[in-house]
Each structure stands twice: as structure tokens, then as C-alpha cells.
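See structure below.
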Amino acid sequence: MEKIQYKLKKECNHIAFIMDGNGRWAKKRLLARHFGHKEACKRVIEIGRACQDIGIKAMTLYAFSTENWSRPQDEIDHLFEYLDEFFLSNIDEFMERGVRVQMMGEMDALPLHSQETISKAIDMTKNNSSFFFNICLNYGSRQEIVRATKLIVKDVQEGKILESDIDEKLFSSYLYSSNLPPIDLMIRTSGEQRLSNFLLYQLAYSEFIFTPTCWPDFKADKLIECLEEFATRNRRFGGLINK
Ligand code: IPE
Ligand code: IPE
Ligand code: MG
């Protein structure tokens, strides 16, 4: 497999992707929507490899939102089938490459077969540390924030922490993303310019790129274009010094 040759021009440890446009990609080819999700899985592994080769430490992928349950059941069934296939066919490579699989979102509502596959992938890779592959399933940022709040209240009530301990650092540690580096760049494909309930807390100072390319067409060359654009951004974090 050919390694992507690209030297990062600006520090970038963590990229978050809103993988949008699968349905439109399929429709344009007169295919059922789920074929877009099938093709999307190929890009996930390719972009994952590219990120790791380039020296990025973590990727977070929005794969299924808390709002996506309102889709037709047939599309949902196909999606979770492809997800299982994805993990089953890539787990060996994840182990070889030292990739750690993590998930954000509530596992309980996922189809049982997917719960099993994902739990296995998370467990098998838990000691890997070369790259984080963090997938958002049944994920909603509002749900995540409410969940963190409830967990904090519980820990205060049980005396595990004091109310006065609550600050931004502690709050972050109650989010699903607690062990991941800050997100430097968020890329949304398909031309939509909104967050759709994605990482509202974590993206506070991330750079955003909205590309018209649909996710099934988002290959490594498109990722590099985004990284070139990212390199031109001035990250000031409220100060005056460009980073
Ligand atoms: C993104 O593609 C994948 C999921 C939301 C699961 P879409 O399925 O939303 O594709 P479009 O936006 O309808 O084209
Ligand atoms: C966001 O895409 C969710 C995922 C990519 C998993 P949607 O297609 O669900 O978002 P909206 O409905 O266009 O905002
Ligand atoms: Mg969409």
C-alpha cells in the first residue's frame, strides 16, 4: 500500500469529519441511498490511513446522529450492516497499525450485532496508541452535554467531587472525548454549512472547512487540499499572536 507523502505545514493533531452527502452521491448515480453509505466506508479507511501516514494523531468521524433515527428503517439497517463489515474487514489492519478504536454516543440503542462488533473492536484495540479512530454513533452533542452534566451532579452528590472543583477542565473530562487531543480542524463534506449537533463544546476554537465534495468522493487528495487551506489560517485563540 502506497504511503501518502505529505508534510504538514501547521500542527494538526486531531481532525473531525462530518461525512455528509452519501445519499446525494448515490442519487446522482441513480442508485439507492445505501450504496452511498457503502462507498463511504471505503473513504473512511483510506482517509484514516492518510491521516495516520501524515502524522495526525486522531480522527473523529460523525457516522450516525441521534437525529438520524428518523430515516427509513431500511437505510438504517443497511448503514449498521456496512458498519459491521467495516470493522470486521479492517480490524487486523487496525491492530497492525496500532490504531485504537473509540466511540462517542450511546451504544445501547444500536442494533445488537453492531454493539457486539464495536465493543469487540474497542476492546481489542484498547492498548494501541499510535492513532485514535473515534467514531460517533447515535451521537448528539446536546445529549453529550446533558449526560456530562448529570454525571457531574451525581459525583457531587456522592461526594466524589466538590462543586468548587467544576471548571472547564473537569467538565471536558466528563465528555466522551476526554482522552483525545483538542480538535484542530473540522471538515464537513457535501456543501452543507452547519454543525448538525456535532461537538458543540469541542469545536470552540477549531478551524472549519466546508467542502462541496460529497463524502464518497473525498479521497486523500481532497484531504491534502483541506490541509493546505488549514495551513493558511491564523489561529489566534483570542490573542494577537498567529499560530
Ligand atoms: C451522511 O450522508 C451519512 C449519514 C448522515 C448517516 P447522508 O445520508 O446524510 O447524505 P445526504 O446528505 O442525504 O446526501
Ligand atoms: C449529519 O448529517 C450527521 C452525519 C453525517 C452522521 P445529516 O445529513 O444528518 O445532517 P442534516 O440533517 O443535513 O443537518
Ligand atoms: Mg446529509
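These numbers come from a predicted model, not from an experiment. Just follow the structure's listing: the first ligand is 1, and inside any ligand the first atom is 1.
- Residue contact check for ligand 1: Gly21 places a non-hydrogen atom closer than 4.0 Å to it.
- The protein heavy-atom contact nearest to atom 6 (C) of ligand 1 is Ala63 O, 3.3 Å.
- Inspection of the His34 and Glu81 side chains reveals no N or O donor paired with an N or O acceptor under 3.5 Å.
- Tested against Phe17 for a side-chain contact (heavy atoms from CB on, under 4.5 Å), the candidates Trp215, Phe198, Tyr62 yield a single pass: Trp215.
- At the shortest separation from atom 10 (O) of ligand 1 among protein heavy atoms lies Gly23 N, 2.9 Å.
- For Glu192, the heavy-atom gap to ligand 2 stays at 4.0 angstrom or more.
- Residue Cys136 does not touch ligand 2, judged by heavy-atom distances below 4.0 Å.
- Judged by the shortest distance from any of its heavy atoms, Arg71 lies inside the 4.0 Å radius around the atoms of ligand 1.
- At a cut-off of 3.5 Å, with distance as the only test, a side-chain donor of Ser177 or Gln202 sits close to an acceptor on the other residue.
- Checked against the 6.0 Å centroid threshold, Phe94 and Phe133 count as a close aromatic pair.
- The minimum distance between the Mg ion (ligand 3) and any N, O or S atom of Asp20 involves atom OD1.
- For Phe198, no heavy-atom contact with ligand 2 is shorter than 4.0 Å.
- When only interatomic distances are considered, the shortest N/O to N/O separation between Asp20 and ligand 2 falls below 3.5 Å.
- At a 4.0 Å heavy-atom cut-off, ligand 2 does not touch Arg24 at all.
- Taking distance alone, with nitrogen or oxygen atoms compared against 3.5 Å, Asn68 approaches ligand 2 more closely than that limit.
- The 12-atom threshold is exceeded at CD of Glu229, counting heavy atoms of other residues, nucleotides or ligands nearer than 6.0 Å.
- Distance from atom 1 (C) of ligand 1 to its nearest protein heavy atom, with residue and atom name: Met19 O, 2.9 Å.
- Side-chain contact between Gln193 and Arg188: absent, with no pair of heavy atoms (C-beta onward) separated by less than 4.5 Å.
- Checking Glu67, Arg33, Lys27, His37 against atom 13 (O) of ligand 1, the nearest heavy atom belongs to Arg33.
- A side-chain donor-acceptor contact under 3.5 Å links Asn90 to the backbone of Phe86.
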